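Written below as structure tokens is the structure these notes are about.
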Amino acid sequence: MSKAIICSCEDVTADDVRHALAKGYHDVESVKRYTGFGTGICQGKSCLSAVAALVAKEGPLKSPGILPFTPRPPLYPTELSLFASMPVEESQPPVGGVPQELGVFPQALRPTTELPQKAKVVIIGGGVMGLALAYNLSLRGEKDVVVLERGYLCAGASGRNGGGVRMQWGTASNIELAKRSIDLMKQFARDLGINVWLRQGGYLFLTRTEAVAKRLERNVALHNKHGVPTRIITAGAAREIVPGLTLKGVISASYNPEDGVMFPWAFLWGYAQHCLKKGIRVETYTNVTGFDISEGQIRKVKTDRGDIACEQVVLAAGAWSPEIAQLAGVKLPNEPHRHEILSTEPLKPFLGPLVSVLDSGLYFSQSMRGEIVGGMGDPHEPAGLNMGSTLRFTARFSQALTEQLPQVGHVKVLRQWAGCYDVTPDNNPVLGRTPGLDNLLQMSGFVGHGFMMAPAVAERMAAWMVTDEDDELFQRFNLRRFSSGRLEREDMIIG
């Protein structure tokens, strides 16, 4: 056993890296996500080469397959107040970002084993939604399942979100799904043997406009009807919950102490490890390239590693779902939209709830390690699969954060990243059968909140698939609603 420290910032040892390699994390990027090396104050400057050397020496991949982790701004830890002093041209859309390209993975990272020639169910998308569904199918005895993931686990939106989980929604369906999901998250460690660091510190929503204040009042009545203890509070009461808030411009707030924050990556790992134990194939670095279709059914899923004959296909690829659906001649209404997020150096615990200013889209919380983690949508962000990081975001976020919480102005930003919301016209998901392709099941369009809905949605979808009993969820959010105009708009979207 070697206790040799490789990453002194995060206390990662050589054995931790070897453990990650043994778990199947074969490239530097995924080892970073598994161990946390390179996420401290030096941002990998002191440890990246050492980890790369260890992967090259002891990993199963040759050097062309060893993918370095992606450098992201800021390249030097920088105080929020400095970013906040930068001018921002709000009328102009954000452009570009660093890095420009994230979706290319070395050929050598692909598994060397052959894909199965057939499976009862093929799930496209190895994010939390696809893996949670595979897990729930296994609980119901269905293990002839293959999950296809184009990159490494956590490469997509499931590994890029802020970890917030809340019951404060604007429709009965989403309130009930969120309640059930949080109940399942509470027992996740017991059921799947992995700690997801769920902390129910609440969600504190702030608003600065009368229109949003009225929306909060309406939603709180709906929450209470469904047993969610949300309450409207004054700005003064909000400051008692989070001392130090200036509450500049805030006229109203809502608070539910049962909302919370958890660690997203462990959530995926728990589902994935359970699937592998049950014999479910989770195939990373595998791209779907097309489908064999006849008589209104998908017969085979084509990939760059071979074809899989199947009885059912589930499309759970998040922001990539529209382009994959297009391979089957299906047009989805979803659009990908970049959302950026950042993390600071750790502080002593001082922030209980996740705080969000609904009018601006600002949100922030404190992780179990003490970091401030937060993001903010940009109303001018164009549609597209862009996951580059921008200076414009750090400036806008820092201005909005320090306006409400000036005491953190001296705190340094350590890293930033971006993911894509999978946005639908009514801010609700696309679920159920595809018109004209009966065995293609839709499971996308969660508008950046699939992470917190996955346990409950996957539980119901697995039951629906195995028993074929009616479930109104898969009628309510069926793709047909967009052509019939039977939309049900969700208005509690952050960002």
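Fair warning: this is a prediction, and the values are worked out from it, not measured in the lab. Side chains are part of it too, since the values below use all heavy atoms of this structure and drop only hydrogens, waters and symmetry mates. We number each residue from 1, following the sequence as shown.
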Just wondering, are more than 12 heavy atoms of other shown residues or ligands nearer than 6.0 Å to CZ in R480? no
Judged by atom type as modelled, is there a donor-acceptor pair below 3.5 Å linking the side chain of S158 to the main-chain atoms of C154? no
Can a side-chain donor-acceptor contact be found between H380 and Q92 if the only test is distance below 3.5 angstrom? no
Donor + acceptor pair across side chains of Q168, S254 (<3.5 Å): yes
Classify the angle between the aromatic ring planes of H274 and Y135 as parallel (below 30°), tilted (30 to 60°) or perpendicular (above 60°). perpendicular
Any chance you could measure R415, atom CZ, to I341, atom CD1, to the nearest 0.5 Å? 10.5 Å
d(L268 CG, F263 CZ) to nearest 0.5 Å is 10.5 Å
Quick test of your reading of the model: are D491 and R218 salt-bridged, counting only N-O distances below 4.0 Å? yes
Check ion pair D470-R476 (N to O, under 4.0 angstrom): no
T234 OG1 to I251 CD1 distance, which is reported to the nearest 0.5 Å: 12.5 Å
May I ask you to say whether R392 pairs ionically with D378, meaning some side-chain N is under 4.0 Å from a carboxylate O? yes
With a 3.5 Å cut-off and no angle check, do the side chains of T289 and D304 form a donor-acceptor pair? no
Parallel, tilted or perpendicular: which fits the ring planes of Y152 and Y285, with parallel below 30° and perpendicular above 60°? tilted
Reported OG1-to-CZ distance for the pair T209 and R215, which is rounded to 0.5 angstrom: 7.5 Å
NZ/NE/NH1/NH2 to OD/OE distance under 4.0 Å, D426 and R481: yes
CD of E472: more than 12 outside heavy atoms within 6.0 angstrom? yes
Using 0.5 Å steps for rounding, measure from the CZ atom of R281 to the OG1 atom of T286. 9.5 Å
How many angstroms lie between CE in M167 and NZ in K179, if you round to the nearest 0.5 Å? 7.5 Å
Ring-plane angle category for Y421 and H339, please: parallel below 30°, perpendicular beyond 60°, tilted otherwise. parallel
R166 to W169 six-membered ring, cation-pi geometry met (6.0 Å, 45°): yes
Distance-only donor-acceptor hits, side chain of residues 310-323, under 3.5 Å, sequence neighbours excluded:
| unit_1 | atom_1 | unit_2 | atom_2 | d |
| --- | --- | --- | --- | --- |
| S321 | OG | A317 | N | 3.2 |
| S321 | OG | G318 | N | 3.1 |
| S321 | OG | G318 | O | 3.0 |

Side chains of T424 and N334, donor plus acceptor under 3.5 Å: no
One thing to verify: whether E90 and R396 come together as a salt bridge, which I'm taking to mean a side-chain N less than 4.0 angstrom from a carboxylate O. yes
